[in-house]
Amino acid sequence: MPIERFDTEKYNQEEENLLEYMIAVADRFAPDFVIGSDGNAYEVDSQAPFIFKRRYNQGKLKVSFSYTDYLKHDINDNENAIDIIRALGIDVEKFWYLLLFVADYVEGSTTNTLICSPSPREEIKHLIDFIEDNEDSVHDIYGVKHRQPMKLTLQIKGHRLIIDNPNTISAIGGMCGMALENMEYISFLDQCPSEIADKKDSVRIWLFAKMLRCFFDIHPQFAAQRKTGNDTTKSTLRLISKLVYMVGLTSNEDYCTDDENLKGILKQYRNYNIDTINTIYG
């Protein structure tokens, strides 16, 4: 059974063991950094486990499922999530705390969260890269030749400025690059505009699956295997699909019977990067 509360005042080896799975994933998704005397940032242990323990004690975890749901065996389903977890040799108790953390983290990253736009510095760097990637050649006499036609458009109401001369465009990119090299931190250049918004359910499912797949990457000993005879399917993707439904990220019962919907989402977001600030874990 889950412990009633964690000790947040002193180190507890038994509790650290229970959070082994959770800590490993937290270090990947919510790392912390310190600035050294040389001015460089260095990664240190994540503070997410402490935040998680405090939220657990206060009953603030944003989850809608219980330990009973986790262990539930549905007689209409030959394979439940808990069956696969045990078949894979995963510690049931440790995985429970990982599941709580992942569900809570996903909520903090996708619901009523801060979506950050690129800072002015990032936008300028993107402009520079965009211009340089399209440069085919540079000649002292003939100037710049672009791979594809390119134009820079500035527009205000009733007026438009179009620059399509390759030499001018490349000169703008070059001057921007030289200027940024001489600009250290300037508040207005490094501010990231943000807005509060919710992410789509498909993004929530993608992030949930991404975090659990990270767990399996960290622990390759829990290898997926094909179903043989009447044995339980030892498939990590099938397990994640069932958990997506169990934790309430979807009401589509197809997630319980196969992993085709999950595969579709993973394919759809294979190059996606989350652009939010986690309002719980930072």
Side-chain angles (χ1 to χ4, degrees), residues 21-22 24-30 62-66 69-92 94-111 113 115 197-276 278 281:
Y21 296 169
M22 176 262 166
V25 174
D27 283 341
R28 295 283 186 91
F29 282 84
K62 294 184 178 180
V63 298
S64 58
F65 55 94
S66 66
D69 296 327
Y70 175 59
L71 299 178
K72 185 177 180 181
H73 289 267
D74 187 347
I75 60 175
N76 295 319
D77 186 0
N78 293 327
E79 293 178 350
N80 294 274
I82 196 66
D83 297 323
I84 302 178
I85 290 169
R86 287 171 172 153
L88 288 169
I90 297 171
D91 187 294
V92 172
K94 292 181 181 180
F95 197 79
W96 165 247
Y97 297 109
L98 169 64
L99 193 61
L100 289 176
F101 168 68
V102 170
D104 197 41
Y105 187 94
V106 168
E107 281 295 306
S109 288
T110 61
T111 303
T113 189
I115 299 179
D198 293 338
K199 287 292 188 179
K200 296 187 296 185
D201 288 345
S202 56
V203 173
R204 289 156 54 83
I205 293 172
W206 164 80
L207 181 57
F208 179 84
K210 180 180 175 71
M211 295 182 73
L212 289 183
R213 293 182 86 186
C214 173
F215 163 75
F216 290 111
D217 289 341
I218 296 171
H219 299 87
Q221 66 269 32
F222 305 125
Q225 302 177 23
R226 293 185 179 276
K227 182 175 181 179
T228 58
N230 294 322
D231 292 338
T232 300
T233 302
K234 296 179 182 178
S235 168
T236 56
L237 205 58
R238 180 69 64 87
L239 169 61
I240 295 171
S241 183
K242 290 177 179 292
L243 291 173
V244 165
Y245 180 81
M246 191 210 81
V247 304
L249 293 177
T250 182
S251 59
N252 184 352
E253 295 183 356
D254 289 344
Y255 278 81
C256 294
T257 56
D258 63 61
D259 52 26
E260 292 304 312
N261 286 287
L262 180 59
K263 287 179 180 177
I265 285 180
L266 292 174
K267 181 178 180 180
Q268 177 184 355
Y269 291 99
R270 62 183 179 274
N271 296 319
Y272 183 78
N273 291 309
I274 197 76
D275 59 354
T276 61
N278 193 292
Y281 295 96

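- Between Tyr272 and Trp206, the ring-plane angle classifies as perpendicular under the 30° and 60° cut-offs.
- For Lys210, the NZ atom sits in a loose shell: 12 or fewer heavy atoms of surrounding residues, nucleotides or ligands are nearer than 6.0 Å.
- For the atom pair OG (Ser241) and CG (Leu212), the distance works out to 11.5 Å, reported to the nearest 0.5 Å.
- The main-chain N or O of Asp254 is found under 3.5 Å from a side-chain atom of Thr257 such that the two form a donor-acceptor pair.
- Taking all atoms of both residues into account, the shortest heavy-atom contact from Ile84 to Ser235 is CG2-O, 3.8 Å.
- The two residues Ala209 and Leu262 have their closest heavy-atom pair at CB-CD1, 3.9 Å.
- For the pair Val203/Ile274, a side-chain contact is recorded, criterion being any heavy-atom separation below 4.5 Å from C-beta on.
- Side-chain contact check for Val92 versus Ile85: some heavy-atom pair is nearer than 4.5 Å.
- Side-chain contact between Leu207 and Tyr269 is absent, with no heavy-atom pair separated by less than 4.5 Å.
- Put simply, CG on Leu88 and CG on Asp83 are 11.0 Å apart, with the number rounded to the nearest 0.5 Å.
- Across every non-hydrogen atom of Tyr245 and Thr250, the tightest pair is CD1-O, 3.5 Å.
- Atom OG1 of Thr236 and atom NE2 of His219 lie 14.0 Å apart (nearest 0.5 Å).
- For the atom pair CG of Asp69 and CD1 of Ile82, the computed distance is 11.5 Å after rounding to the nearest 0.5 Å.
- Checking side-chain atoms of Lys242 against main-chain N and O of Glu79 turns up a donor-acceptor pair under 3.5 Å.
- Between Phe216 and Ile90 there is a side-chain heavy-atom pair separated by less than 4.5 Å.
- Taking 4.5 Å as the limit, every side-chain heavy atom of Phe101 sits out of range of all side-chain heavy atoms of Val63.
- Phe222 approaches Gly89 most closely through the heavy-atom pair CE2-O, 3.2 Å.
- Side chains of Ser109 and Asn278: a donor-acceptor N/O pair is present below 3.5 angstrom, by distance only.
- Among all heavy-atom pairs drawn from Phe208 and Ile240, the shortest one is CE2-O, 4.2 Å.
- Taken from CG in Asp198 to OG1 in Thr276, the straight-line distance is 10.5 Å, to the nearest 0.5 Å.
- Side chains of Leu266 and Leu237 form a contact here, defined as non-hydrogen atoms less than 4.5 Å apart.
- With rounding to the nearest 0.5 Å, the separation of CZ in Arg238 from CG in Leu243 is 12.5 Å.
- Nearest heavy atoms, Tyr70 versus Met246: CA-SD, 3.7 Å.
- In this structure, Phe215 has its ring center closer than 6.0 angstrom to the ring center of Phe95.
- With Glu107 as the partner, the salt bridge (Lys or Arg N to Asp or Glu O under 4.0 Å) test is satisfied by one option alone out of Lys199, Arg204, Lys62: Arg204.
- Within a 6.0 Å radius of CD in Glu253, no more than 12 heavy atoms belonging to other residues, nucleotides or ligands are found.
- With hydrogens and angles disregarded, a donor-acceptor distance shorter than 3.5 Å links the side chain of Arg270 to the backbone of Lys267.
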